[in-house]
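One structure, pasted below without further comment.
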Amino acid sequence: MMAWTPNWTRLTSAAELALDRTLTCGQSFTWTRLPSGIWYNTLRLPGHAVPVLLRTHNDEVQFRSFGSPRSQAQFQQPVPKTPLPPTQYLVAPSRDPAAVVAPSHDPVYLLLHDYFQLSYSLPALYLDWSTRDPSHFAHVSPLVPGIRLLRQPPVETLFAFICSANNNIARITGMVQALAMRYGECVYPGGLLDIGGEEQALPPMYVFPSMDRLVQSADEIEGVLRGLGFGYRAKYIAATVKTLGGLGGEAWLVGLRGKGYAEVRDALVQLQGVGRKVADCVALMSLDQPGAIPVDTHVWQIATRDYKFKPSTKSKSLTPTTYDEVVKLFQTLFGPEAGWAHSVRSIACFFIITRCAAFSLTREHRSCSRPTWRATLATRNPNPRLPQLRQDPQPLPISQVNPRLFQNQRPHQRRHQRENARPQQQRRRQFG
DNA sequence: CAGGTC
DNA sequence: TCTGG
């Protein structure tokens, strides 16, 4: 097993990219963190998947990749240049053109440069958003530096966020990885890898399945995914596979890059299991719509509590009208990259809330708009009974993902269990 | 009840 | 409404 990028190579500075925060904040579900702090994933080059390792070392983010000799030969072929994001960044005087990294000829570098959108200078963005929102963003963003919005592959982003409805990050991660293990190609069998003189144990790596592979399995996919515990999302995924396949598959989806926001959204919401919120997630994180703002219940709370948002209608919940109004609010505030800004802002708020929980603070302390939480946190001791916030939250290793996800349980079996209406205790023990 | 959708 | 914490 020869190394492709033989040494750890500089990708960017740690200030430009906080790996742990960026990869665990709920935008991508395909990265896994090893105990050593190294992140791994399989990323797709045109017609090809490559295992990639990332780490933060000596104040910089570094990458390396590896592959079989055969895949190395394929790397030798010219790789099309990945397009830079359509942004005013490189021409606007307020942005920092010096942050643009000189292009390299390493295809993996180009891939990562594109994936992490390194054409954007993150400190310049944070500064801009802090100026636009001095009373909120400026206060909380220093808590969560280095959060980059990823430019992800559209197909896996679409299916990941169909899974995200009424769900949590840990479970979504398990589902996406289950999809990769069930239908994706294995690009690394697992085993010890020599990394700079040290042996690193790596699990098997699977790439997220191609659209063609999913279409091929369209008829069985609902039953299989229900058996894997996907719930009602199994039906959405199967239906979207068929619809998207008919529309032109991955090429059609990727073709939405470069179109206007309204067209992208309208195209996405015709897919089953894709409402406005999911459509905005996919648009923002994979289809070059940095202004798209996914409004969930969490964002709704931020808007009403911290920004004193008052909906025009009396509706207490999130209607299409109020959704649009919240979007308008943040777009006006943050400008063209409002979706990115709002993501950072939400993650900061989540950080504070988590801290508040660990410190047994009441709801009134949680307001991210006031600097009061800062002083309050400083004077309190954490409640030892509540879980501490981990510095580096680790996603589940692939080997430890809920074993139930990998049982080949038939859907009828599950329905039968429900009809028997056993007491909770007994049902739980079955899977223990 | 959770970071919705039909 | 699936499912899990």
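Below, chain A is the first sequence line, B the second, and so on; all start at residue 1.
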Heavy atoms under 4.0 Å, any strand shown: does A:Arg233 hit a base, just sugar-phosphate, or nothing?
base
So what does A:Ile172 touch, heavy atoms closer than 4.0 Å: a base, only the sugar-phosphate, or nothing?
nothing
Check: A:Tyr206 ring centroid to A:Tyr188 ring centroid under 6.0 Å:
no
Closest-nucleotide mapping onto DNA chain B: is A:Asp296 or A:Val274 further toward the 5' terminus? I mean the 5' end.
A:Asp296
Ignoring hydrogens and geometry beyond distance, is the side chain of A:Tyr323 in donor-acceptor contact with the base of B:dG4 at under 3.5 Å?
no
Using a 4.0 Å heavy-atom cut-off, does A:Val299 contact any base of the nucleic acid, only the sugar-phosphate backbone, or nothing at all?
nothing
Test the A:Arg55-A:Trp39 pair against the cation-pi criterion, namely NZ or CZ under 6.0 angstrom from the six-membered ring centroid and within 45° of the ring axis.
no
Assert: residue with more 5' nearest nucleotide on DNA chain B, out of A:Gln272 and A:Gly26, is A:Gly26
Just name whichever nucleotide pairs with C:dC2, Watson-Crick or G-U, keeping both distances under 3.5 Å, else none.
none
If the threshold is 4.0 Å, N to carboxylate O, is there a salt bridge linking A:Glu220 and A:Arg182?
yes
Which is more 5' along DNA chain C, the nucleotide nearest A:Asn168 or the one nearest A:Gly231? Just name the residue.
A:Gly231
Lys/Arg N to Asp/Glu carboxylate O, A:Arg33 vs A:Asp20, below 4.0 Å:
yes
For a quick test of reading the model: is some side-chain N or O of A:Thr297 closer than 4.0 Å to OP1 or OP2 of B:dA2?
no
